[in-house]
Amino acid sequence: QLQASGGGLVQAGGSLRLSCAASGRTDSYYVMGWFRQAPGKEREFVAALNWSGTSTYYADSVKGRFTISRDNAKNSVYLQMNSLKPEDTAAYYCAARTGRGSYSRSYYVNAKDYDYWGQGTQVTVSS
């Protein structure tokens, strides 16, 4: 199971830190990722990383502003969001993918490839 938290209302230019606590067979959660979905839009990739955190991937729209990290000892993954923009407003979901991993970006960015999902946490950025 995945439990996301940390969403809220923030002004443009502000920061938020999302957390995702994992339980169950967390040793199989090789890839952890964040996706988001705005009203009327499809779920889109935000960021992901592998087990060791040595490989990280970001959507172009958040690169340089968001940072994904994980603490395997705490079974948690985080998304630090800085310089937030109104277009970042969405429900944010954490997700986990089992498997051996890959050095290919395509392995990380498709929502349909993830096995477990948490509930969303709402992020609202006011202008």
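- Gln80 places none of its side-chain heavy atoms less than 4.5 Å from the side chain of Leu16.
- Classified by interplanar angle (parallel below 30°, tilted 30° to 60°, perpendicular above 60°), the ring pair Phe35/Phe45 is perpendicular.
- Remark: the Thr54 side chain and the Asn50 side chain contain an N/O donor-acceptor pair separated by less than 3.5 Å.
- Atoms OG and CD, from Ser19 and Gln3 in turn, are 11.0 Å apart once rounded to the nearest 0.5 Å.
- Atom OG of residue Ser23 and atom CG of residue Leu2 lie 7.5 Å apart, to the nearest 0.5 angstrom.
- With hydrogens and angles disregarded, no donor-acceptor distance shorter than 3.5 Å links the side chain of Asn82 to the backbone of Gly14.
- The CD atom of Glu44 sits 5.5 Å away from the OG atom of Ser61 when rounded to the nearest 0.5 Å.
- Here the closest heavy-atom approach between residue Ser127 and residue Ala12 is recorded as CA-CB, 4.4 Å.
- Considering OH of Tyr58 and OH of Tyr108, their distance stands at 12.5 Å, rounded to 0.5 Å.
- Side-chain contact of Ser104 with Ser102: a donor-acceptor pair under 3.5 Å is absent, judged by distance alone.
- Atom CD of Gln1 is surrounded by 12 or fewer heavy atoms from other residues, nucleotides or ligands within 6.0 Å.
- Both Trp51 and Tyr57 belong to a single network of hydrophobic side chains, linked directly or stepwise wherever heavy atoms of I, L, V, M, F, W or Y lie under 4.5 Å apart.
- One N or O on the side chain of Gln119 and one on the backbone of Ala4 form a donor-acceptor pair closer than 3.5 Å.
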Practice prompt. Tell me, with the steps shown, if Arg17 and Leu79 meet side-chain contact (heavy atoms from CB on, under 4.5 Å).
Written response: CA-CA 6 Å; Arg17 188 192 194 212; Leu79 186 68; over 6 Å; no
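- Judged purely by atom type and a 3.5 angstrom limit, Thr121 uses its side chain to pair as donor or acceptor with the backbone of Gly7.
- Leu49 CG to Ser69 OG: the interatomic distance, rounded to the nearest 0.5 Å, is 7.5 Å.
- Side chain to side chain, Thr98 and Asp115 meet the donor-acceptor criterion of an N or O pair below 3.5 Å.
- By the 30° and 60° cut-offs, the orientation of the rings of Tyr92 relative to Phe66 is tilted.
- Put simply, the side chain of Val31 reaches to within 4.5 Å of the side chain of Tyr107, judged on heavy atoms.
- The cationic group of Arg70 does not satisfy the cation-pi geometry with Tyr78, failing either the under 6.0 Å distance to the six-membered ring centre or the 45° limit from the ring axis.
- For Tyr114 and Arg97, the side-chain atoms include no donor-acceptor pair closer than 3.5 Å.
- In Lys63, the NZ atom is crowded: over 12 heavy atoms of neighbouring residues, nucleotides or ligands sit closer than 6.0 Å.
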Practice prompt. Test side-chain contact (heavy atoms from CB on, under 4.5 Å) on Ile68 and Trp34 and set out the steps.
Written response: CA-CA 8 Å; Ile68 188 171; Trp34 288 95; 3.6 Å; yes
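- Going from atom CE of Met32 over to atom CG of Asn72 covers 9.0 Å, rounded to the nearest 0.5 Å.
- The closest donor-acceptor contact from the side chain of Asp71 to the backbone of Ala73 lies under 3.5 Å.
- Side-chain atoms of Arg36 do not come within 3.5 Å of backbone N or O of Gly120 as any donor-acceptor pair.
- Note: the hydrophobic cluster containing Val77 does not contain Tyr93 (ILVMFWY, side chain heavy atoms under 4.5 Å, direct or indirect links).
- With a 6.0 Å radius and a threshold of 12 heavy atoms from other residues, nucleotides or ligands, Tyr116 has its OH atom at or below the threshold.
- None of Val125, Val123, Asp88, Thr67 except one satisfies the side chain to side chain contact (heavy atoms under 4.5 Å, CB included) rule with Met81; the exception is Val123.
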